[in-house]
Colleague: 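Have a look at this one.
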Amino acid sequence: MELNPDPLPKSDLIGFQFDQLIPHPKYYFDDGNFIFIVESTKFRLYKGLLARQSAVMAGMFAMPEPVGTPSASNFEMMVDGVVTVQLQDSANDFACLLDFLFAINTPPYPPTPPPFEDLVSVLRLSRKYMFDEARERALWHLFETLPSSLDDFIDNPSLTMFTGIRAAQVVSMAREFELSEFIPLALYAIAAYNWKPTELGAADQVFSALPPPDRARVIVGRNAMYAEALRIASSMHEHGMVGGSCNNPITLARVCAKGKPSHLWMNPTEALQEFLRNPMRQLVIRKNCEFHALCKSCVESLRTRMGLDLEELYAKLPDIFQLRSDTEPNDTCIEGMM
């Protein structure tokens, strides 16, 4: 939480001259009274606006300013005639933070969420420099756009927000900022994805973006999830894995098809395989199916059971992916992950 307020030393800018610093196109105000140099970009800003939102900035600005005008002897403390401090951060991260601090509070409501990468930048610097309000706003956007609960999953069982390597990036972000709520479903999205032989390169990118212990968690979790799905499926009459039938009439010519998978699925084998691969998604989808081949009583019973199975399976995700403690997974072998 500590910002180095030392004047800008010449040694920190080896390789280019002060007049080669690039003013940020959006955050260089000619009447600003303080300059930050971040990488090769200079940001000329207003001390008062920053100090009101950050205790770290307020403490830095409270320090005595250098006396005199820029000259050969004290030029390292001034740029463009303004007191200057260099920050050891990313210029892009700093600009993203300023976007939050200078955002105009206008409709639409709720506001359009910024890109995920920008939110990560804001979290990183708002924590470092104690911009608490900016951090809260970034967290609000994350919880609005990323799944962190069973209700979120039910609203989007396909987890369509996890395109490309996004799920792995979310796990990494959650680790960096101690936001463990996002980890179970992000790991589930990776473990349940139907990787095809033509997607090995994409799979490598996803696993490379994960923190190393979580790579093993995906593999161990995928096996554990398959075992849980098989346990649930073994009690499902709709897959014919348990006995039982129902003779309640549906029409004058048909009776309930309980215990007859061929009457419920176009391809019973594929239906079972899809359930074993992605059981939570299938439970959500099936819970909303009509099941016209079943009688009303059997459909209601099936939906009740699926709702309970979904709640139980979601509650077990921390155990499935070995997230209950900080210890690494027992099986750290990730060879043959696909």
Colleague: Step by step, would you call Glu144 with His141 a side chain to side chain contact (heavy atoms under 4.5 Å, CB included)?
Modeller: CA-CA 5 Å; Glu144 284 294 307; His141 281 294; 5.6 Å; no
Colleague: Using a 3.5 Å distance criterion without hydrogens, assess whether the side chain of Glu199 forms a donor-acceptor pair with backbone atoms of Lys196.
Modeller: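 Side chain of Glu199 to backbone of Lys196, a donor-acceptor pair under 3.5 Å: yes, one is there.
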Colleague: Within a radius of less than 6.0 Å around NZ of Lys316, do more than 12 heavy atoms belonging to other residues, nucleotides or ligands occur?
Modeller: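 More than 12 heavy atoms, drawn from other residues, nucleotides or ligands, come within 6.0 Å of this atom.
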Colleague: Can you give me the closest heavy-atom contact between Ala209 and Ile165, atom names plus distance?
Modeller: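 Closest heavy-atom pair between Ala209 and Ile165: CB-CD1, 4.3 Å.
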Colleague: Would you say the ring centers of Phe143 and Phe182 fall short of 6.0 Å from each other?
Modeller: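 Here the rings of Phe182 and Phe143 have centres that are less than 6.0 Å from each other.
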Colleague: Hey, does the side chain of Trp265 reach the backbone of Glu238 with a donor-acceptor pair shorter than 3.5 angstrom?
Modeller: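 Between the backbone of Glu238 and the side chain of Trp265 there is a qualifying donor-acceptor contact (under 3.5 Å).
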Colleague: For the residue pair Cys295 and Cys256, what are the closest heavy atoms and their distance?
Modeller: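 Here Cys295 and Cys256 meet closest at N-SG, 3.3 Å.
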Colleague: List the steps and the verdict of side chain to side chain contact (heavy atoms under 4.5 Å, CB included) for Ile219 and Phe207.
Modeller: CA-CA 10 Å; Ile219 306 306; Phe207 275 79; 3.8 Å; yes
Colleague: I need the Arg305 CZ to Cys298 SG distance, nearest 0.5 Å.
Modeller: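 So the gap between those two atoms works out to 10.5 Å.
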Colleague: Please check: side-chain N/O of Arg137 versus main-chain N/O of Phe100, any donor-acceptor pairing under 3.5 Å?
Modeller: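 Such a contact is found between Arg137 side chain and Phe100 backbone.
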Colleague: Please enumerate all residues that pass side chain to side chain contact (heavy atoms under 4.5 Å, CB included) together with Asp152, with sequence neighbours excluded.
Modeller: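 Listed in chain order: Pro147, Ser148, Ser149.
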Colleague: Do the non-hydrogen side-chain atoms of Asp31 and Tyr46 ever get within less than 4.5 Å of each other?
Modeller: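 Asp31 vs Tyr46: side chains touch.
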Colleague: Just one of Phe34, Phe102, Phe94 clears the ring pair (Phe, Tyr, Trp, His ring centres under 6.0 Å) bar with Tyr27, so which one?
Modeller: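 Filter result, single survivor: Phe102.
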Colleague: Less than 4.5 Å apart, side chain to side chain, heavy atoms only: is that true for Glu136 and Asp132?
Modeller: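 No. Closest side-chain heavy atoms not under 4.5 Å.
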Colleague: Looking at every heavy atom in both Leu310 and Met280, which two are closest together, and how far apart are they?
Modeller: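 So the two residues come closest at CD1-O, 3.9 Å.
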Colleague: Would you check if there is a donor-acceptor pair between the side chains of Asn278 and Tyr188 at a distance under 3.5 Å?
Modeller: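 On atom types as modelled, these side chains qualify, holding a pair under 3.5 Å.
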Colleague: If you group Ile, Leu, Val, Met, Phe, Trp and Tyr by side-chain heavy-atom gaps below 4.5 Å, do Leu276 and Ile285 land in one group?
Modeller: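 No, Leu276 does not connect to Ile285 through the hydrophobic network.
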Colleague: Same cluster or not: are Leu49 and Leu45 linked, directly or through other Ile, Leu, Val, Met, Phe, Trp or Tyr residues, by side-chain heavy atoms under 4.5 angstrom apart?
Modeller: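 Per the 4.5 Å side-chain linkage, Leu49 and Leu45 are co-clustered.
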Colleague: Indicate yes or no for a side-chain donor-acceptor contact from Ser54 to the backbone of Ala51 under 3.5 Å, with no hydrogens or angles considered.
Modeller: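 Side chain of Ser54 to backbone of Ala51: no pair is present.
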Colleague: Please confirm whether the backbone N or O of Arg217 pairs with a side-chain atom of Asp214, one donor and one acceptor, at under 3.5 Å?
Modeller: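 Looks like no, no N/O pair under 3.5 Å.
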Colleague: Say whether Leu123 and Met130 are linked into one hydrophobic cluster, either directly or through other cluster members, by side-chain heavy-atom distances under 4.5 angstrom.
Modeller: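 Shared cluster, yes.
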Colleague: Could you walk me through whether Asn156 and Met161 satisfy the side chain to side chain contact (heavy atoms under 4.5 Å, CB included) test, starting with their C-alpha distance in whole Å, then the side-chain angles of each, then the deciding distance to 0.1 Å, before giving a yes or no?
Modeller: CA-CA 9 Å; Asn156 188 349; Met161 70 291 294; 3.3 Å; yes
Colleague: Are Leu308 and Leu302 connected, step by step, through hydrophobic side chains (Ile, Leu, Val, Met, Phe, Trp, Tyr) whose heavy atoms are closer than 4.5 Å?
Modeller: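 Per the 4.5 Å side-chain linkage, Leu308 and Leu302 are not co-clustered.
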Colleague: Looking at CG of Leu294 and NZ of Lys260, how far apart are the two atoms once the value is rounded to the nearest 0.5 Å?
Modeller: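 Here the interatomic distance stands at 10.5 Å.
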Colleague: Checking salt bridge (charged side-chain N to carboxylate O under 4.0 Å, His left out) for the pair Glu228/Arg231: CA distance, chi angles, key distance, verdict?
Modeller: CA-CA 5 Å; Glu228 283 293 327; Arg231 178 188 64 79; 2.9 Å; yes
Colleague: Would Val242 end up clustered with Val299 when hydrophobic side chains under 4.5 Å apart are linked, directly or stepwise?
Modeller: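 Val242 does not cluster with Val299.
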Colleague: Around atom OH of Tyr28, are there more than 12 heavy atoms of other residues, nucleotides or ligands at under 6.0 Å?
Modeller: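 Count over threshold, so yes.
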Colleague: Mind checking the OG-NE2 spacing from Ser234 to His239? Nearest 0.5 Å is all I need.
Modeller: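 One finds 11.0 Å between OG of Ser234 and NE2 of His239.
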Colleague: Between Ser158 (side chain) and Thr160 (backbone), is there a donor-acceptor pair under 3.5 Å?
Modeller: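 Flag not set: sc Ser158 to bb Thr160 has no pair under 3.5 Å.
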Colleague: Could you tell me if the side chain of Met173 sits less than 4.5 Å from the side chain of Val170, heavy atoms only?
Modeller: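 Contact flag for Val170/Met173 side chains = yes.
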Colleague: Just so I know, are the side chains of Ile320 and Leu187 near enough to count as touching, which here means a heavy-atom distance under 4.5 Å?
Modeller: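 Ile320 does not reach Leu187 side chain to side chain.
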Colleague: What residues form a side chain to side chain donor-acceptor pair (under 3.5 Å) with Gln205, not counting sequence neighbours?
Modeller: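 Partners of Gln205 under the side chain to side chain donor-acceptor pair (under 3.5 Å) test: none.
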Colleague: Could you check whether Asp89 and Tyr129, counting side-chain N and O atoms only, form a donor-acceptor pair closer than 3.5 Å?
Modeller: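 Side chains of Tyr129 and Asp89: pair found under 3.5 Å.
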Colleague: Please tell me if the side chains of Tyr226 and Arg277 come closer than 4.5 Å, counting only heavy atoms from C-beta onward.
Modeller: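 In short, these two side chains do not touch, never coming nearer than 4.5 Å.
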Colleague: Roughly how far, to the nearest 0.5 Å, is the CG atom of Leu283 from the CZ atom of Phe153?
Modeller: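 Rounded to the nearest 0.5 Å, the CZ-CG separation comes out at 8.5 Å.
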Colleague: Tell me the closest heavy-atom pair linking Phe162 and Ala189, and the distance in Å.
Modeller: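 Looking at all heavy atoms of both residues, the shortest contact is CD1-CB, 3.5 Å.
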Colleague: Any salt bridge linking Arg166 with Glu117? Criterion: basic side-chain nitrogen under 4.0 Å from a carboxylate oxygen.
Modeller: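 Yes.
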Colleague: Rounded to the nearest 0.5 Å, how far apart are CG of Leu185 and CG of Leu150?
Modeller: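 Taking CG in Leu185 and CG in Leu150, the distance rounds to 8.0 Å.
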Colleague: Does any part of the side chain of Arg303, heavy atoms only, come nearer than 4.5 Å to the side chain of Phe291, both counted from C-beta?
Modeller: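 No, their side chains stay 4.5 Å or more apart.
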Colleague: Just how far is it from atom CG of Leu98 to atom OG of Ser121, taken to the nearest 0.5 Å?
Modeller: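 It is 11.5 Å, given to the nearest 0.5 Å.
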Colleague: Could you tell me whether the side chain of Gln86 and the main chain of Ile37 form a donor-acceptor pair under 3.5 Å?
Modeller: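 Judged by distance alone, no pair lies under 3.5 Å.
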Colleague: Would a distance-only check, ignoring hydrogens and angles, find a side-chain to backbone donor-acceptor pair under 3.5 Å from Asn267 to Thr269?
Modeller: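 Flag set: sc Asn267 to bb Thr269 pair under 3.5 Å.
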Colleague: Would Arg127 and Glu178 count as a salt bridge (charged side-chain N to carboxylate O under 4.0 Å, His left out) if you check the C-alpha gap in whole Å, the side-chain angles of each, and the deciding distance to 0.1 Å?
Modeller: CA-CA 12 Å; Arg127 180 177 65 176; Glu178 299 180 351; over 6 Å; no
Colleague: Do any N or O atoms from the side chain of Ser126 and from the backbone of Arg124 form a donor-acceptor pair under 3.5 angstrom?
Modeller: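 Not a single qualifying donor-acceptor pair exists.
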Colleague: Counting only heavy atoms not in Glu181, do more than 12 fall under 6.0 Å of its CD?
Modeller: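 It does: Glu181 CD has more than 12 such atoms within range.
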Colleague: Quick one: closest heavy-atom pair of Thr41 and Pro23, and the distance?
Modeller: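 In this case the closest contact between Thr41 and Pro23 is CG2-C, 4.4 Å.
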Colleague: When you compare the side chain of Asn248 with that of Val255, does any pair of heavy atoms fall below 4.5 Å?
Modeller: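 Val255 does not reach Asn248 side chain to side chain.
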Colleague: Which heavy atom of Lys258 sits nearest a heavy atom of His237, and at what distance?
Modeller: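 Closest pair (atom of Lys258, atom of His237, distance): CG-ND1, 3.4 Å.
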Colleague: List the steps, then state whether side chain to side chain contact (heavy atoms under 4.5 Å, CB included) holds for Phe36 with Thr84.
Modeller: CA-CA 6 Å; Phe36 290 105; Thr84 300; over 6 Å; no
Colleague: For the pair Asp319 and Arg324, find out whether any cationic side-chain nitrogen is under 4.0 Å from an anionic carboxylate oxygen.
Modeller: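 A salt bridge links Asp319 with Arg324.
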Colleague: Keeping Arg215 on the side-chain end and Leu210 on the backbone end, is there a donor-acceptor pair under 3.5 Å?
Modeller: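 Side chain of Arg215 to backbone of Leu210: a pair is present.
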Colleague: With the side chain counted from C-beta on, respond yes when Leu97 and Asp93 share a heavy-atom pair under 4.5 Å apart, and no when they do not.
Modeller: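 They are not in side-chain contact.
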